[in-house]
Amino acid sequence: IAGIVSGAILIVIVLPFTLKSQSRNELNKSNEGLDVGTDTETENRPGEITADVPSCPCFTMQDLDHAMNDITGDSGFTFHEESSCTGETVTGIHYSYLENGEYPVAMGYGVGESSCQEGDAIHPDISLTEETTCRVLIDTKCAENDIALNLDSYTPAFTCPCFDGDDLDGAFKNISKGDSEYVFYPDQSCTGGVNTGVQYSFMVNGEYPAAMGYGVSESTCQQGDALRRIELGEEIACRSLIQAKCSEHANVIS
């Protein structure tokens, strides 16, 4: 994706491209029909990320999922609404429990200017990319659970402009059918690398592949055969969605 975008005029926002026409026999021999970038240096389980992908040094989306399970479950945890999902510079998902029924123990995660938090431990001097990653992860989880947390229609600062969770669920549903009309590209899907996505194509008239699926690369996201230039927060939002859905649907692509 990045290679395609770098050659484009900067004022162009959406960059369509056309797949090379191939017969089914040619397509079965290679994945040239959908060249959106493949990471081949390491093999990762679905949903894992590699070191060169932006990450938050204090927590992952899975950590926030566990926190939400603690908060929304009937397990004796106290949710700190005043310091959680603020939508401001200092925000997080904070809660605590009473040790021996008496002393509060800090739980949860947070992010502030150049720092992030895990429990009562502060991680200082994080980069802007790391800070943005932490912020997007918290924003995404707050928006997903706004009703459970009694929030007033929480709106995240960044969303993925090319796809959402429903789009990715639909892609996995098509792939799981095992229908000969759909051709899945496992080497280009759920890679955990800079170029990742859920990539597949639809065979038009049973012969020519039409690009479907979704992806993200550096400063770019993809919907079908259209590419869009995006900012860092949007890129991280796209990556978070793909990572979460690749983990959720790991049985489909394993």
For the student: nearest non-hydrogen atoms of [X] and [Y], plus distance:
X: G92; Y: C142; result: O-SG, 4.4 Å
X: P57; Y: E130; result: CD-CB, 3.8 Å
X: C58; Y: H123; result: SG-CB, 3.3 Å
X: T72; Y: A148; result: CG2-CB, 3.8 Å
X: A171; Y: Y214; result: CB-CE1, 4.2 Å
X: Q62; Y: S247; result: NE2-OG, 4.0 Å

Give a yes or no on whether [X] and [Y] share a hydrophobic cluster (residues Ile, Leu, Val, Met, Phe, Trp, Tyr; joining criterion: side-chain heavy atoms under 4.5 Å apart).
X: L232; Y: I126; value: no
X: V90; Y: L137; value: no
X: L64; Y: L241; value: no
X: M61; Y: I242; value: no
X: I122; Y: V111; value: no

Does [Y] offer a backbone N or O that forms a donor-acceptor pair with the side chain of [X] under 3.5 Å?
X: T196; Y: T191; result: yes
X: E234; Y: I236; result: no
X: S84; Y: H94; result: yes
X: S176; Y: K173; result: yes

Measuring from [X]:[atom1] to [Y]:[atom2], what's the distance to the nearest 0.5 Å?
X: S189; Y: K245; atom1: OG; atom2: NZ; value: 15.5 Å
X: E131; Y: C116; atom1: CD; atom2: SG; value: 9.5 Å
X: M68; Y: L149; atom1: CE; atom2: CG; value: 4.0 Å
X: S219; Y: L227; atom1: OG; atom2: CG; value: 12.5 Å
X: I175; Y: Q199; atom1: CD1; atom2: CD; value: 9.0 Å
X: C85; Y: D152; atom1: SG; atom2: CG; value: 12.0 Å

Does E113 CD have over 12 foreign heavy atoms under 6.0 Å away?
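No, CD of E113 has 12 or fewer neighbouring heavy atoms, counting only those of other groups under 6.0 Å.
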
Spell out, with a plain yes or no, whether C134 and C56 have SG atoms under 2.5 Å apart.
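The answer is yes, since C56 and C134 bring their SG atoms under 2.5 Å apart.
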
Parallel, tilted or perpendicular: rings of F59 and Y109 (30°, 60°)
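Ring orientation of Y109 relative to F59: tilted.
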
Could you tell me which residues satisfy side chain to side chain contact (heavy atoms under 4.5 Å, CB included) with T86, sequence neighbours excluded, listed by chain and number?
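Once residues adjacent in sequence are excluded, the partners of T86 under the side chain to side chain contact (heavy atoms under 4.5 Å, CB included) criterion are E88, T91.
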
May I have the step-by-step check of side-chain contact (heavy atoms from CB on, under 4.5 Å) for E248 and F172, ending in yes or no?
CA-CA 10 Å; E248 181 181 337; F172 279 111; over 6 Å; no

Can you find a pair of side-chain heavy atoms, one from P104 and one from L98, that are under 4.5 Å apart?
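Sidechains of L98 and P104: in contact.
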
Beyond-backbone contact of I230 with C238, side-chain heavy atoms, under 4.5 angstrom:
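The answer is yes, as the side chains (C-beta and beyond) meet within the 4.5 Å cut-off.
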
With a 6.0 Å cut-off on ring centres, are Y185 and Y200 close enough?
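No, the ring of Y185 stays outside the 6.0 Å limit from the ring of Y200, centre to centre.
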
Applying side chain to side chain contact (heavy atoms under 4.5 Å, CB included) between R239 and each of T133, V136, V194, report the one that passes.
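In the set T133, V136, V194, the residue that makes a side chain to side chain contact (heavy atoms under 4.5 Å, CB included) with R239 is V194.
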
Can you tell me which residue among N174, V252, L168 is in a side chain to side chain contact (heavy atoms under 4.5 Å, CB included) with V198?
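So the option named by the test is L168.
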
Report the C-alpha separation of C246 and C190 in whole Å, then their side-chain angles, then the decisive distance to 0.1 Å, and conclude whether the disulfide (SG to SG under 2.5 Å) test is met.
CA-CA 6 Å; C246 285; C190 300; 2.0 Å; yes

Could you go through residues 154-165 and list every donor-acceptor pair under 3.5 Å that involves a side-chain atom there, pairing it with any protein atom two or more places apart or in another chain?
unit_1, atom_1, unit_2, atom_2, d
Y154, OH, D139, OD1, 2.4
D164, OD1, D166, N, 3.1
D164, OD1, D167, N, 2.9

